[in-house]
Student: 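First the structure, which I've put down as structure tokens, then a few questions once you've had a look.
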Amino acid sequence: MLTAVVAGLVFTSPAVGSILTAIRTVKQAGAVGTLLIVKNYTGDRLNFGLALEQAQTEGISVQMVIIGDDTAFATKKKAGRRGLCGTVLIHKMAGALAEAGVGLNEIVHRISAVLGAMGTLGISLSPCSVPGSRPTFQLADDELELGLGIHGEAGVHRMRMASADQIVNLMLDHMTNPSNASRVHLRPGSSVVLVVNNLGGLSYLELNIVAGSAVHCLESRGIHIARTFVGSFMTALEMAGVSLTLLLVDEELLTLLDSDTTAVAWPKPIRMSVTGHKRQRAVPKENPKEEGPDPARVPTSPHMRLVLECVCSKMLSLQEQLNELDRAAGDGDCGNTHAQAAIAIQNWLDARPLPERPYQLFSSLATLLLEKMGGSSGALYGLFLTAAAQSLRTDDDLAAWSLAVDAGINAMMLYGGAAPGDRTMLDSLCAAAKELKALKKPKANLMQVLDKAVQEAEAAAESTKNMEAAAGRASYISSARLEQPDPGAVAAAAILRAVLEGLQAKPE
Ligand SMILES: *[C@@H]1O[C@H](CO)[C@@H](O)[C@H](O)[C@H]1NC(C)=O
Ligand SMILES: *[C@@H]1O[C@H](CO)[C@@H](O)[C@H](O)[C@H]1NC(C)=O
């Protein structure tokens with residue numbers, strides 16, 4: 001692609017001397033001509049221009065193209081279009097032309113024709129980190145900056161956080177708006193190359209989400225995406241942002257972009273398309289709770305519903321506390337996993353009447369948690385509920401409930417590999433189960449027994465503080481660093497507490 005690169009200090013144009021040295025070196029290596037590909041910044045224009053003049057007086061054949069692919073500014077009066085990620089496409093095409101033996105003047109001619117057919121726009125969640133100095137601007141957590149430069153220059157527009165689809169749509173509007181002088185002239189049917197460029201601080205996951213949105217948005221506007229390039233082509237040092245570049249292409253330009261190169265960082269282009277198989281999007285219902293109860297769906301077991309609602313709100317209220325405990329012992333997502341389960345249960349409750357029999361309820365909950373909760377907690381609760389449901393199939397009197405809890409615990413131990421004393425949720429559950437055995441006695445008082453069981457579970461959860469982890473999340477951590485109770489045990493005890501509270505509360 002390129003024969004030489006001249007780098008200045010970070011974010012600074014290189015000195016004329018460095019540029020001249022590069023030109024002379026390339027000449028000595030046998031180049032018949034040299035094309036300087038310069039991004040449109042004042043310092044670069046000056047230094048490269050001066051070097052070019054000097055080289056020409058030395059009899060070297062040198063030409064220059066200035067790349068301004070920025071579409072941030074709507075009017076021409078501003079500092080002008082800056083050179084952004086589109087420059088990399090120029091490197092590739094000019095390099096391929098040179099490799100094919102095309103003469104210098106012809107390359108300049110062909111490249112100049114492409115410049116007007118290209119546009120780039122960036123968006124970021126953060127300023128970039130300039131080594132040794134402060135960020136050039138500040139952004140709040142929920143803010144995005146549109147149209148920024150690659151040297152930490154602030155952008156043209158600040159906006160609130162939105163979904164990737166919404167952001168990409170807004171970027172494309174800005175890049176193609178007919179009232180914006182620097183726009184890319186896109187029409188339905190246009191064929192483009194899309195570059196989704198990491199400004200430095202995004203993960204591949206995030207980058208590809210944006211790429212997916214961009215392909216989707218462009219195709220829904222009737223644009224044909226001939227090639228997509230996704231990667232880190234022109235970064236702004238750790239900036240958590242992305243730029244989109246669009247280049248209108250024909251077959252000839254595509255051949256240049258497709259041609260082989262030894263540049264290791266040049267990726268294989270992707271042919272991405274979503275047309276033909278339309279993306280199915282779950283449209284989130286706005287506030288489903290406000291729709292009011294459906295009179296045809298009067299809950300069959302008001303107590304059970306209340307109990308589940310109590311469990312869900314308890315899990316949601318504990319989300320941060322459980323995450324905090326888990327940060328000390330595991331990966332910090334225990335609260336999120338439980339909150340995710342709570343939301344799934346709430347949606348499920350909103351959508352249908354409860355099953356009539358407890359074993360049906362437990363099986364349904366097991367299926368729901370296995371599908372929606374995730375993590376080992378999801379699998380373990382799923383196991384517990386599945387085994388307990390089996391046990392409740394024939395009988396659901398009080399004694400059967402005690403047996404069901406035992407069956408659930410046994411299933412968890414069998415597949416989870418933990419035992420009481422290992423610093424897991426089993427510690428709370430086993431402590432409760434021991435008390436619940438009292439339900440097998442004739443005339444057992446459910447509320448009294450449950451109350452005692454919850455207290456024991458809470459005490460057991462608290463005492464996991466002093467346990468060495470032998471299974472589960474914390475077993476990877478040195479026990480000296482474990483000073484807090486196990487989040488899984490705390491969550492299980494809290495669920496039991498919520499069950500008790502739900503049973504104590506009067507259904508309306
Ligand atoms: C480069 O920027 C200058 C202003 O600094 C502007 O006048 C010029 O049109 C720009 N050139 C390109 C190629 O965009
Ligand atoms: C450029 O296009 C955007 C997006 O369509 C529009 O909102 C804006 O008013 C135009 N002009 C400027 C100054 O950005």
Side-chain angles (χ1 to χ4, degrees), residues 1-2 5-6 8 11-16 19 23 33-53 55-56 62-95 97-98 104-123 136-137 146-157 171-172 174-186 192-195 197 199 233-234 236 243-249 253 256-257:
M1 282 170 73
L2 293 173
V5 167
V6 196
F11 295 163
T12 310
S13 171
V16 178
I19 302 167
I23 296 171
T34 298
L35 176 64
L36 305 180
I37 301 174
V38 178
K39 294 189 275 307
N40 197 19
Y41 297 93
T42 312
D44 288 323
R45 279 201 317 268
L46 285 171
N47 286 302
F48 280 87
L50 283 164
L52 175 136
E53 295 291 334
Q56 281 177 345
V62 192
Q63 299 219 33
M64 176 158 90
V65 286
I66 295 180
I67 317 298
D69 56 322
D70 195 1
T71 56
F73 305 112
T75 51
K76 286 192 166 129
K77 68 176 189 308
K78 282 271 189 177
R81 303 181 75 182
R82 298 165 291 194
L84 299 173
C85 184
T87 311
V88 180
L89 294 175
I90 302 296
H91 293 161
K92 180 71 183 72
M93 292 185 288
L97 285 169
L104 184 56
N105 289 336
E106 178 64 14
I107 296 178
V108 173
H109 176 73
R110 297 236 209 133
I111 291 304
S112 303
V114 172
L115 295 179
M118 189 168 70
T120 297
L121 189 69
I123 193 151
T136 42
F137 60 92
L146 184 77
L148 6 74
I150 48 172
H151 310 103
E153 305 99 310
V156 293
H157 179 57
M171 292 172 81
L172 292 176
H174 191 103
M175 292 170 79
T176 59
N177 190 308
S179 70
N180 286 354
S182 60
R183 75 183 186 279
V184 190
H185 295 253
L186 281 195
V192 298
V193 163
L194 165 70
V195 184
N197 172 52
L199 288 172
F233 300 98
M234 190 174 287
S243 69
L244 300 179
T245 299
L246 295 173
L247 167 68
L248 289 161
V249 283
L253 294 180
L256 297 176
L257 289 168

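None of the values given here were measured: they were computed from a predicted structure. Ligands are counted one by one from 1 in listed order, and the atoms in each one are counted from 1 as well.
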Student: Given that the side chain starts at C-beta and the backbone is N, CA, C, O, which of these parts of R82 lies under 4.0 Å from ligand 1, counting heavy atoms, or is it both or neither?
Tutor: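 No part of R82 comes within reach of ligand 1.
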Student: What atoms of ligand 1 come closer than 4.0 angstrom to any heavy atom of G68?
Tutor: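 This gives 14 (O) as the contact atoms.
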Student: Donor-acceptor check, side chain of H174 to backbone of A72, threshold 3.5 angstrom: yes or no?
Tutor: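 Present.
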Student: By the definition side chain to side chain donor-acceptor pair (under 3.5 Å), identify the one residue from D69, T120, D70, N197 that meets it with S243.
Tutor: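 Of the listed residues D69, T120, D70, N197, the side chain to side chain donor-acceptor pair (under 3.5 Å) partner of S243 is N197.
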Student: Considering only heavy atoms of I66, which atoms of ligand 1 have at least one such atom less than 4.0 Å away?
Tutor: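 So the atoms of ligand 1 that pass are 13 (C).
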Student: Hey, does the side chain of T12 reach the backbone of G8 with a donor-acceptor pair shorter than 3.5 angstrom?
Tutor: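 Side chain of T12 to backbone of G8: no pair is present.
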Student: Taking the side chain from S182 and the backbone from F73, do they hold a donor-acceptor pair closer than 3.5 Å?
Tutor: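 Between the backbone of F73 and the side chain of S182 there is a qualifying donor-acceptor contact (under 3.5 Å).
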Student: Below 3.5 Å, N or O to N or O, backbone or side chain included: is there any such pair between N40 and ligand 1?
Tutor: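 Looking only at distances, the answer is yes, because the N/O contact criterion of under 3.5 Å is met.
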